[in-house]
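Heads up, the thing below is written out as structure tokens.
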Amino acid sequence: MIKLSKPYISEDCIDWVTEVLRSGSLVQGKYVDLFEQEVQKYLGVEHALLVSNGTAALHLSLIALGIGPGDEVIVPAFTYPATANVVELVGAKTVLVDITLDDFCIDTSLIEAAITPKTKAIMPVHEFGQAAKMDTLMEVARKYGLYVIEDAACALGAEFDGRKVGTFGNAGCFSLHPRKAITSGEGGIIVTNDDEVAEKIKIYRNHGIAYKNDKMDFVAAGFNYRLTDFQAALCLPQLNMIETLIRNRLESAALYDEGLKNIFQIKIPVSFTDRRMIYQTYHILLNTDIDRNKLILALKSKGIETNYGAQALNTLTYYSRKYGYCADDCPNAVRANTQGLSLPLGMHLNSQDVKNISSTLIQLVIKR
Ligand SMILES: *Cc1c(COP(=O)(O)O)cnc(C)c1O
């Protein structure tokens, strides 16, 4: 079976984890510090803070910016539900906005219509490793004085206009889950250039503890959202070679493009000259007359693991019950959810695998 994704664990990863285990110093140590410094350098940001997962990163960002009951937060309707769940967890209201089918990111032309006097923030998602349209989005945010929290969970290294995603907003959040390009098993990163936000995140990830003159004080009701040092040690060698990992993804994506571009039942990912897509996922859109779920099973029987891309939040029980959303509210999100297909990608594939997957897919799509 060709897996949809597989972590790239080098011998360095294993050696460095072993070193931490032998040292006996397991939580927030040397490798967490090193990892945070490397992310600061890679993204060119003032602060990078490791936390226990990508959802914790999003949750702490909202808390650090003071978003809570009475506030509204704009979220794209097509994403992993964690993006909106954290809005609900801080007691704010999720306002869903549809996506475009070219980038699977928030349709920035629809944002202004969703803004009310209660709107506090926009949370763009850089879906599948493609940057959302950040120029228009930041313009709208500035015009209405809104915070921007970027869900860059799958987009470490992606760029818009030559600038890395996660660095546009008040906070940028990344995930280190095994499904992403680099992984610590579970893990998350928050980046920000705002000293005050960084300070609050440090306090809230560590039980509400603040240090003054080396004296410990409990100044807030915080969480334990820390990362262990062996998780940071597992991921640091991957971070150090992230450009190699991304290049491998770009090469496979180019091969998929070449193989699938003339198949009219399949819409391949759109390339934008002003964005650098890192292909956390190679996600295609199938014609509506193709039964996507049947296709997933057919591919599985041929030894190829594929999956749907993301959820349409407007159709999930929680969001439709609470806010009365229906499928028609965000039709593109629904279309992407029912007709989208993620193909295998990563260091576990060679170019022949990619070509075989493409031709198997074409056969199944054409001769139904
Ligand atoms: C993976 C992902 C998350 C959640 O990250 P975890 O590390 O699994 O908590 C949130 N948003 C998006 C867009 C993701 O892809």
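When a ligand or atom number is given, it counts from 1 through the structure's own listing order. All values below come from the heavy atoms of this structure, side chains included, with hydrogens, waters and symmetry mates left out. Since we're looking at a predicted model, the values are computed, not measured.
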Between ligand 1 and the protein, tabulate every N or O atom pair separated by less than 3.5 Å, reporting distance only.
{"residue": "ligand 1", "atom": "5 (O)", "partner": "S175", "partner atom": "OG", "Å": "3.4"}
{"residue": "ligand 1", "atom": "7 (O)", "partner": "G54", "partner atom": "N", "Å": "2.8"}
{"residue": "ligand 1", "atom": "7 (O)", "partner": "S175", "partner atom": "OG", "Å": "2.6"}
{"residue": "ligand 1", "atom": "9 (O)", "partner": "G54", "partner atom": "N", "Å": "3.4"}
{"residue": "ligand 1", "atom": "9 (O)", "partner": "T55", "partner atom": "N", "Å": "2.9"}
{"residue": "ligand 1", "atom": "9 (O)", "partner": "T55", "partner atom": "OG1", "Å": "2.5"}
{"residue": "ligand 1", "atom": "11 (N)", "partner": "D151", "partner atom": "OD1", "Å": "3.4"}
{"residue": "ligand 1", "atom": "11 (N)", "partner": "D151", "partner atom": "OD2", "Å": "2.8"}
{"residue": "ligand 1", "atom": "15 (O)", "partner": "K180", "partner atom": "NZ", "Å": "2.6"}

Applying salt bridge (charged side-chain N to carboxylate O under 4.0 Å, His left out), can you list everything that pairs with K261, at least two apart in sequence or on another chain? E258

Extract all donor-acceptor atom pairs below 3.5 Å that involve side chains of residues 244-253 and protein atoms in other chains or at least two apart in sequence.
{"residue": "R249", "atom": "NH1", "partner": "Y279", "partner atom": "O", "Å": "2.9"}
{"residue": "R249", "atom": "NH1", "partner": "Q280", "partner atom": "O", "Å": "3.2"}
{"residue": "S252", "atom": "OG", "partner": "N248", "partner atom": "O", "Å": "3.4"}

Taking the inter-plane angle between the rings of F104 and F128 on a 0 to 90° scale, is it parallel (under 30°), tilted (30 to 60°) or perpendicular (over 60°)? perpendicular

Who else is in the cluster with Y211 when I, L, V, M, F, W and Y are joined by side-chain contacts under 4.5 Å? I209, M216, F218

Can we call the ring centroids of Y256 and Y282 under 6.0 Å apart? yes

For the residue pair H348 and Y8, is the inter-centroid distance of their aromatic rings smaller than 6.0 Å? no

